[in-house]
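Data first, discussion second: the structure below is written as structure tokens.
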Amino acid sequence: MTSVGHRNFRRGPQPERAVARVLTMRGNAPVRHVARGSVTAFAIYMASVSLTYCAQLLIARIVGVDVYGIYAYVFAWMAVLAYFSALGFDVALLRFLPVYEAEQNWGLLRGVIQYSQRRVALVSTFVVCIGVSITLLRAPSMSRRRWG
């Protein structure tokens with residue numbers, strides 16, 4: 001705590017000190033390894049968020065307000081459909097693969113990966129076919145309304 005006049009206050013969080021402390025951590029090597037990996041993963045995540053923001057800004061400037069609205073709408077639907085198409089296998093594989101690897105049950109490990117790939121490919125293909133069908137059916141009305 002620091003005292004200013006008659007008031008006492010705590011300094012706010014200082015992330016740069018926390019990161020420096022993690023990177024220079026002594027002691028348990030696995031903990032240090034995980035801590036460094038976490039800091040690296042967070043840095044990569046923040047870089048990707050920054051690049052995504054800049055790309056969205058650039059796209060909005062280039063294509064204009066109306067077209068960007070359509071782009072944002074379609075992109076939001078793509079995100080929802082991609083989440084649906086994964087069928088929860090992204091979470092399930094995080095649960096089952098380490099267990100099968102620890103047990104050295106390579107057959108089950110290969111089987112669960114192949115099963116998930118096939119199911120996701122099937123559902124994703126179905127979603128793409130529906131999306132293409134909707135686009136082709138609505139294309140004439142969209143072009144008349146936009147330019148006609």
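Throughout, residue positions are numbered sequentially from 1 according to the sequence presented.
Contact record, Leu108 with Asn105: CD1-ND2, 3.0 Å, taken as the closest heavy-atom pair. Summarising the geometry of Ser116 relative to Leu93, their closest heavy-atom pair is OG-CD1, 3.7 Å, with the distance given to 0.1 Å.
Pairs passing the ring pair (Phe, Tyr, Trp, His ring centres under 6.0 Å) check and including a residue from residues 38-66, sequence neighbours excluded, do not occur.
From Arg119, atom CZ reaches atom OG of Ser124 across 13.0 Å, with rounding to the nearest 0.5 Å. Taking CG of Asp90 as the reference point, atom CZ of Arg95 lies at 14.0 Å (rounded to 0.5 Å). In this structure, Met78 CE and Leu81 CG are separated by 9.0 Å, a value rounded to the nearest 0.5 Å. We find the OG-CG distance between Ser85 and Leu122 to be 10.5 Å, quoted to the nearest 0.5 Å. To the nearest 0.5 Å, atom OH of residue Tyr68 and atom CZ of residue Phe75 are 9.0 Å apart.
Judged as a ring-ring contact (aromatic ring centres under 6.0 Å, His included), and not counting sequence neighbours, Phe126 has no contacts. Partners of Val91 under the side-chain contact (heavy atoms from CB on, under 4.5 Å) rule, at least two apart in sequence or in another chain, do not exist in this structure. Under the rule for a ring-ring contact (aromatic ring centres under 6.0 Å, His included), the partners of Phe89 that lie at least two apart in sequence or sit in another chain are Tyr115. Looking at residues two or more places apart in sequence or on another chain, you find no side-chain hydrogen bond (donor to acceptor under 3.5 Å, both in side chains) involving Arg110. Tyr83 meets the ring-ring contact (aromatic ring centres under 6.0 Å, His included) test with no other residue; sequence neighbours excluded.
Exactly one of Thr135, Leu136, Ile134, Ile130 qualifies for a side chain to side chain contact (heavy atoms under 4.5 Å, CB included) with Val132. That residue is Leu136.
Counting heavy atoms from C-beta outward, Ile59 and Tyr71 have side chains that approach closer than 4.5 Å. You'll find the side chain of Ile70 stays beyond 4.5 Å of the side chain of Asp66, heavy atoms only.
When the side chains of ILVMFWY residues are joined at heavy-atom separations under 4.5 Å, either directly or via intervening members, Val63 and Leu58 end up in a single hydrophobic cluster.
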**Request:** May I have the step-by-step check of side chain to side chain contact (heavy atoms under 4.5 Å, CB included) for Leu97 and Ile113, ending in yes or no?
**Result:** CA-CA 8 Å; Leu97 292 184; Ile113 290 173; 3.9 Å; yes

**Request:** Could you give me the CA-CA distance, side-chain angles and deciding distance for Val127 and Phe84, then say whether side chain to side chain contact (heavy atoms under 4.5 Å, CB included) is met?
**Result:** CA-CA 9 Å; Val127 167; Phe84 167 73; 4.2 Å; yes

